[in-house]
Amino acid sequence: MDKSKNNIPEPERRAFLKGAGLSVAALMVGGLSLERYAVPKDRSVPVMDNFPLAILEDPSGTPITVSDVEKYAASTTTKTSPILVFNYPLQDEPTFLLALKGVKITTPKTSPSSGFGAVSAGSNAPMDGIIYDSTHNISIIALSGICQHLGCVPPFLDYHPGQNVPFESELIGYKLNGTGATKWPDYGLIYCKCHGSQFNPVWGGRNLYNNGPAASPANHSLPQILLATDSSNHIYAYGINSSNAVIRTHLKYPGGETYGSQVKSEDLTGGTSVVKSSRSTPTTLTYFKGTSPISSGPSTLGVNQVSNSVVLYKTTVVSNSGPWKGTF
Ligand code: FES
């Protein structure tokens, strides 16, 4: 398949997201289903064979590093935090890039079928596919920015850190110094202003939050995008954590499975491929999987390949404030 023809100029991508945002606003008034506006109409046309390996770049085309992102890490005392967003796995699919200081995001001990329990860090290994900087105790995690209720995207779906309870959340009963169910979580929530779904990023890939004063209308977590680094600490996205949840618009299996090994081999249908990079594919990538970091060639990741060579894509990180200002 010739994937290059699927590349889309940046302005068109922005137009799509902007259009989705306007549609959401209109539908909030009208009370209609949002999904047909948030999901491209050309679903069912495969544009990629597998998840792409994509290097994260700033809008000028410079790869961003772990320390670039760590400058904007949110802690329990943070009042405002820029929204960092990149598109993955497709060009029209926003993903949050979050850095959280003072917490190690770990693999939950509970299975999806037994509910979404709070994660106890203890000595657990970092969750697969996050970047954990033990020197500064910062976790960097990427989570889909497509609300798993009806598909609202940033800025309607937004991360509000520990010292920032949005007005909409106060309306349902959250308080900064609340107790029990009214307590705003220490690291805040990814909160959807469309209908009030809540996702706790500290819970990693199993982040659906129903412990507050009102339950989330979404019925599963924001999918976790897997991250890796190269020897220069540049950041790459390479897949979706199949043990958690898949982006709801990718469901194509009978019964609409949202977890499990079948997610790994899903083809990506509809939408538009991210853009191919002209950079060299890194020879070695390091990523967290299991109890310790693994370093290997990208071909072992099962990412997009043509004729047994890994194809490197790129994706641009933009923010609403802070670095890499852009529209989303
Ligand atoms: S789209 Fe309904 S809560 Fe997010």
Side-chain angles (χ1 to χ4, degrees), residues 53-58 62-86 88 95-109 118-143 159-164 185-190 200-207 222 224-239 241 243-244 279 282-298 300-301 315 317 319 321-324:
L53 175 68
I55 185 168
L56 274 55
E57 298 182 352
D58 70 16
T62 303
I64 66 166
T65 64
V66 169
S67 57
D68 287 338
V69 177
E70 287 187 341
K71 285 181 201 153
Y72 302 95
S75 68
T76 55
T77 58
T78 300
K79 293 193 169 123
T80 61
S81 182
I83 317 175
L84 305 181
V85 173
F86 64 90
Y88 191 89
T95 299
F96 289 115
L97 186 64
L98 296 175
L100 301 173
K101 185 170 176 53
V103 63
K104 178 169 71 171
I105 295 176
T106 60
T107 303
K109 290 178 177 166
V119 176
S120 164
S123 58
N124 286 2
M127 175 170 264
D128 290 359
I130 73 158
I131 296 169
Y132 179 63
D133 172 355
S134 58
T135 303
H136 300 104
N137 195 17
I138 295 177
S139 295
I140 298 177
I141 186 166
L143 296 171
Y159 172 56
H160 298 269
Q163 295 299 309
N164 179 345
D186 292 343
Y187 279 87
L189 292 172
I190 297 172
N200 189 336
V202 176
W203 290 6
R206 298 182 189 174
N207 47 64
L222 297 175
Q224 181 205 354
I225 310 304
L226 301 169
L227 300 176
T229 52
D230 67 11
S231 57
S232 301
N233 272 333
H234 297 152
I235 302 174
Y236 297 76
Y238 69 91
N241 191 337
S243 65
N244 297 313
R279 296 177 188 282
T283 52
T284 305
L285 286 171
T286 301
Y287 52 96
F288 279 103
K289 188 171 180 58
T291 54
S292 50
I294 294 174
S295 292
S296 72
T300 63
L301 296 172
T315 180
V317 179
S319 68
S321 61
W324 321 307

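- When all heavy atoms of Gly290 and Asp128 are compared, the pair lying nearest together is N-OD1, 2.8 Å.
- Residues Met127 and Gly205 approach most closely at SD-N, 3.2 Å, considering heavy atoms.
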side-chain contact (heavy atoms from CB on, under 4.5 Å) between Gln224 and Asn207, intermediate numbers included: CA-CA 9 Å; Gln224 181 205 354; Asn207 47 64; 5.9 Å; no

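- Not counting sequence neighbours, Lys79 has no partner by the salt bridge (charged side-chain N to carboxylate O under 4.0 Å, His left out) test.
- Between the side chain of Ser139 and the backbone N or O of Val103, at least one donor-acceptor pair lies under 3.5 Å.
- Partner Tyr132 forms a side-chain contact (heavy atoms from CB on, under 4.5 Å) with one of Ile138, Asn137, Ile140 and no other, that one being Asn137.
- When each of Asp230, Thr300, Ile294 is paired with Leu285, the side-chain contact (heavy atoms from CB on, under 4.5 Å) condition holds for Asp230 and for no other.
- Annotation: ring-ring contact (aromatic ring centres under 6.0 Å, His included) contacts of Tyr238 (sequence neighbours excluded): Tyr287.
- The closest side-chain heavy-atom distance from Leu226 to Lys289 is not below 4.5 Å.
- Rounding to the nearest 0.5 Å gives a distance of 11.0 Å between CG of Asn241 and CD1 of Ile130.
- Smallest separation of non-hydrogen atoms from Pro201 and Gly188: CD-O, 3.9 Å.
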Trace of the side-chain contact (heavy atoms from CB on, under 4.5 Å) decision for Ile235 with Val317: CA-CA 11 Å; Ile235 302 174; Val317 179; over 6 Å; no

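- A distance of 9.5 Å separates CD of Glu57 from CD1 of Ile64, quoted to the nearest 0.5 Å.
- For Phe96, the side-chain contact (heavy atoms from CB on, under 4.5 Å) partners at least two apart in sequence or on another chain are Ile83, Val85, Leu98, Pro154, Leu157, Ile190.
- Summarising the geometry, atom OH belonging to Tyr159 is positioned 11.0 Å from atom CG belonging to Leu143; distances are rounded to the nearest 0.5 Å.
- Here the OH-CD1 distance, from Tyr236 to Ile131, works out to 11.0 Å after rounding to the nearest 0.5 Å.
- Of all heavy-atom pairs between Pro82 and Ser321, the closest is CB-O, 3.1 Å.
- Arg279 has its side chain within reach of Pro63: a pair of non-hydrogen atoms, C-beta onward, lies under 4.5 Å apart.
- Taking Ser295 as the reference, Thr286 meet the side chain to side chain donor-acceptor pair (under 3.5 Å) condition, with sequence neighbours excluded.
- Rounding to the nearest 0.5 Å places CG of Leu189 at 9.0 Å from CH2 of Trp203.
- Without hydrogens or angle criteria, Thr78 side chain to Thr80 main chain gives no donor-acceptor distance under 3.5 Å.
- Counting heavy atoms from C-beta on, the side chains of Thr65 and His234 come closer than 4.5 Å.
- Scanning for salt bridge (charged side-chain N to carboxylate O under 4.0 Å, His left out) contacts around Asp58 gives an empty result, with sequence neighbours left out.
- Minimum heavy-atom separation, Gly322 to Tyr72: CA-CE2, 4.4 Å.
- Contacts of Ala237 classified as side-chain contact (heavy atoms from CB on, under 4.5 Å), with partners at least two apart in sequence or in another chain: Leu56, Phe86, Tyr88, Ile225, Leu227.
- Counting heavy atoms from C-beta outward, Leu84 and Pro323 have side chains that approach closer than 4.5 Å.
- What you find for Thr76 and Gln163 is that their closest heavy atoms are O-NE2, 3.1 Å.
- In this structure, Asp186 CG and Thr77 OG1 are separated by 11.0 Å, a value rounded to the nearest 0.5 Å.
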